Undergrad: 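Structure in structure tokens, see below.
One-based numbering, in listed order, for ligands and for the atoms of each. As the structure is a prediction and not an experimental result, all values here were calculated from the model.
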Amino acid sequence: MKAAIFLVLILVAVASGRETGLRHFKGYKVFTTLATTKEQLDALRVLYLGSDYDFWTSPNGLGATDIMAAPEQIPELLKMFGEHGMEYTVKFEDVETLVEAERVANAKASTGRIDWTSYQTYDSIVEFLTTINSNIAAVSVIGQTTEGRDIHVVKFSNGGPPKKSILFDSNIHAREWIAGATGTWVINEILTNADSYTAILQEVDIYVIPMINADGYEYSRTNDRMWRKTRSVNAGSSCMGCDPNRNFDFQWAGESTSSDPCSDIYYGSAPFSEPETQAIDRFVREAEAAGVQFYAYITMHSYANLWLIPWGYTAGAYPPDFPALLSLGQAAVAALQAVSGTVYQAGQGADILYGAGGTSYDWAKNHGIKYTATIEMRGNSFVLPPEQIIPNALEVWAALQVVIQRVIETVPVEEDPTPVETVTSCGGEIEASSAAINFQLDADIPAGQSCIWIVKPTFDNTRARLVSSGLIGGSGIYFTEFNAYAGTPGQHVQIANVGEDYTFNGNFFLVTLTVAVGANTGFSLEWYSSGLAGGAPSFSGFAALSTPTGSYSYPVGGGQYANSENALFIVNPEVAGTRTLAFTRLDVENDATCSYDAVSVLTWQNNEYTQLAKFCGTSLPTPFNLPTGLALVTFRSDSSVTGTGFTFTWA
Ligand code: 0X9
Ligand code: ZN
């Protein structure tokens, strides 16, 4: 009887949030505001980079931002909105009500064991993991948190040598409870319906780390529902923890990060300063040292219904195989949506959300894992009612199975024995697994001539080799990596030595020939790609303009250009000579840094591409001198607001 009363008292205390040390959110509100000008966005960013407010989502150029404010902060925040003319809505009138409702629902649904109808304690999760008894699953500990909690990984395999491997993780962020619940649900799903997954496990090994930030998770349960970070001690500060998703070593301390230990986006005292991030890094390296090859890494977060793909560190930056990642993301969210109609958006993390340095999915991509993504799971806050754990898990699992399937289909391919295509013209677009460029093998090439071949290899690794060459003096052939989405060239390398191998990672190159003096004869260049399919983008607009003078207008039939364009126009007159490139019409979405839509002009000088200008808006740039007569005009547009394009002339 006494015990029963005591239990009731505890339940009441827990349900009303009166547990010792529990942070209250009485009168806390969440505001949603939309920055529509750069000035407003800058003002939000100042607040965001300070540590006073809890930003539930980060400010970005396009979308809404959710900010939580304590009662005493509200007048100040509203004043700031007012001063900057920012409109806002109240998303949650009282966060305590939200948190309290979750607490009650969770206590009510709790059956005393893990069954995905309520959120679990760390101990309950460990109990579930450590009692797994299955011939397809092995549980091990990959490290300990700051406070000494074990971090577990479950490996699913049907035995034998390592197969193509996939890694899922969750709860890097403490308050994103749905992430960990989904991680353990996935583990349970494979265990209980093992028969349905035998075919998959013939092809791949699956690793799941369901609870990375266990200290933060427990703290968010027992003390502060809105805790995001780890629980490490910061020297010289009373604020604890660092944002583990800013603590990875790729683009560490970059955008949306803070050096302030009190900030929710504190990047830590050094890359991998946290035992939790170290554990993931070490786990991946040790597995690789033992022969494991990871093909996919998907990290689970909440909220916002997003499938984010690299790069996430800054807008407009894309890995060379971005098209392959985007097509997987789109297929994954389509499968997710088919389950119960939940709508997700897939895209580059910084383009559709905000740039963030030191994140785990960028780190994994940079490390060489082909398919990486961050899932921001369903909901409009970190508080997702426990009855949504299973519906969310079902749809996320549908998406994850698309990833698994894509990895199964992704088979490394060897080089072709001989080039499958041969091109003999001065320039052209070559989309193939391999090719030979045999240009003017035994014939003269006039001085001053240049040619550009657009090379789109099918697979990620390309080996180029000069088979023969009659080029003399300052003439040469150059491989330039080209980022079709950003419209910018990257590394460039001269292919100078006959018989030598030049290797590249990427799916898009400009191969440029410079003829410095007359009485050259041509060359034979072969390239072969191998490895995994990348998928070079096809242009939304393309033209190779070779007349001595001319005019070109885009879009070609008039009207507005489309969203998400990536166009390339090559101005390369057959007859060499200096020329002028002039824009006579310009109507492109305007912003101060032209980071949404932009036209760029590049010239070929000193055997490399140099960007002369990047512009947007409606003011015409001053005309450009083309020293060799050769120029590239690139155009990209983002996912909203279009214009009527541009016209340029060359003469
Ligand atoms: O900011 C984060 O770490 C992630 N969002 S969350 O609300 N779960 O904290 C997003 C990281 C994904 N990458 C980029 N936004 N670039
Ligand atoms: Zn997160």
Side-chain angles (χ1 to χ4, degrees), residues 30 32 45 48-49 53-68 168-183 211-213 216-217 220 226-230 241-248 250-258 263-268 274 276-277 280 297-319 322 325 329 344-366 372-384 392 396 595:
V30 175
T32 300
R45 292 211 142 251
Y48 173 60
L49 295 175
Y53 292 90
D54 184 348
F55 276 70
W56 283 17
T57 64
S58 306
N60 66 81
L62 305 167
T65 301
D66 294 347
I67 310 167
M68 181 171 78
F168 301 136
D169 72 23
S170 41
N171 258 120
I172 281 187
H173 285 142
R175 61 190 173 187
E176 298 162 15
W177 291 2
I178 185 59
T182 309
M211 178 52 68
I212 289 172
N213 183 4
Y217 179 72
S220 74
M226 291 306 149
W227 191 258
R228 166 182 170 96
K229 300 190 287 177
T230 58
C242 110
D243 183 348
N245 211 30
R246 300 292 181 274
N247 192 238
F248 287 78
F250 182 71
Q251 296 286 331
W252 184 76
E255 290 177 21
S256 295
T257 68
S258 169
S263 164
D264 254 348
I265 47 171
Y266 174 48
Y267 50 54
E274 305 307 284
E276 295 84 358
T277 54
I280 308 174
Y297 165 74
I298 313 293
T299 182
M300 295 186 250
H301 289 249
S302 75
Y303 59 89
N305 302 33
L306 298 169
W307 185 280
L308 305 173
I309 53 180
W311 299 117
Y313 67 88
T314 197
Y318 308 92
F322 181 75
L325 276 68
Y344 270 56
Q345 190 192 351
Q348 194 264 26
D351 283 358
I352 66 169
L353 198 56
Y354 47 83
T359 60
S360 74
Y361 74 135
D362 269 7
W363 157 79
K365 180 63 186 165
N366 182 57
T372 79
T374 300
I375 311 182
E376 297 284 3
M377 292 186 293
R378 59 153 79 183
N380 66 353
S381 90
F382 302 110
V383 178
L384 189 71
N392 172 76
V396 168
S595 53

Undergrad: Give the residue and atom name of whichever protein heavy atom lies nearest to atom 8 (N) of ligand 1, and the separation in Å to one decimal.
TA: Glu176 OE2, 2.9 Å
Undergrad: With nothing but distance in play, are any N or O atoms of Gly312 less than 3.5 Å from an N or O of ligand 1?
TA: yes
Undergrad: With respect to Arg228, which candidate in Asp264, Asp243, Asp54 satisfies the salt bridge (charged side-chain N to carboxylate O under 4.0 Å, His left out) definition?
TA: Asp243
Undergrad: Which protein heavy atom lies closest to atom 11 (C) of ligand 1, and at what distance to 0.1 Å?
TA: Asn245 ND2, 3.7 Å
Undergrad: Using a 3.5 Å cut-off on N or O atoms only, is His301 in polar contact with ligand 1?
TA: yes
Undergrad: Any nitrogen or oxygen of Tyr303, side chain or backbone, less than 3.5 Å from one on ligand 1?
TA: no
Undergrad: May I ask you to identify the nearest protein heavy atom to atom 5 (N) of ligand 1, giving residue, atom name and distance to one decimal place in Å?
TA: Glu376 OE2, 2.6 Å
Undergrad: Which of the numbered atoms in ligand 1 are under 4.0 angstrom from any heavy atom belonging to Arg246?
TA: 1 (O), 2 (C), 3 (O)
Undergrad: Just by distance, with hydrogens left out, do Glu274 and Thr230 show a side-chain donor and acceptor under 3.5 Å apart?
TA: yes
Undergrad: With no hydrogens and no angle check, do the side chains of Asn366 and Tyr313 hold a donor and an acceptor under 3.5 Å apart?
TA: no
Undergrad: Tell me which N, O or S atom from His173 is the closest to the Zn ion (ligand 2).
TA: ND1
Undergrad: If you measure only the distance, is there a donor-acceptor pair under 3.5 Å linking the side chains of Trp56 and Ser381?
TA: no
Undergrad: Which pair of heavy atoms, one from Pro59 and one from Tyr48, lies closest together, and at what distance?
TA: CD-CG, 3.5 Å
Undergrad: Checking a contact table here: which protein heavy atom is nearest atom 13 (N) of ligand 1, and how many Å away?
TA: Tyr361 OH, 2.9 Å
Undergrad: So which of Met377, Glu176, Arg378 actually passes side-chain contact (heavy atoms from CB on, under 4.5 Å) with Leu384?
TA: Arg378
Undergrad: Check His301 and report its N/O/S atom nearest to the Zn ion (ligand 2), by atom name.
TA: ND1
Undergrad: Going by distance only, is there an N or O of Tyr354 that falls short of 3.5 Å from an N or O of ligand 1?
TA: yes
Undergrad: Does Glu176 put an N, O or S atom under 2.8 Å from the Zn ion (ligand 2)?
TA: yes
Undergrad: Got the closest protein heavy atom to atom 9 (O) of ligand 1, with its distance?
TA: Arg228 NH1, 2.5 Å
Undergrad: Residue-level breakdown please: for Ser302 versus ligand 1, do any non-hydrogen atoms fall below 4.0 Å on the side chain, on the backbone, on both, or on neither?
TA: backbone
Undergrad: Please answer whether the main-chain N or O of Ile172 pairs with a side-chain N or O of Glu276 as donor and acceptor at a distance below 3.5 Å.
TA: no
Undergrad: For Phe248 and Thr359, work out which heavy atoms get closest and say how close.
TA: CB-O, 3.7 Å
Undergrad: Would you call Lys365 and Leu325 a side-chain contact if the rule is heavy atoms closer than 4.5 Å?
TA: yes
Undergrad: Going by atom types alone, do Tyr297 and Asp169 pair a side-chain donor with an acceptor below 3.5 Å?
TA: yes
Undergrad: Show the atoms of ligand 1 that are less than 4.0 angstrom away from any heavy atom in Leu308.
TA: 12 (C)
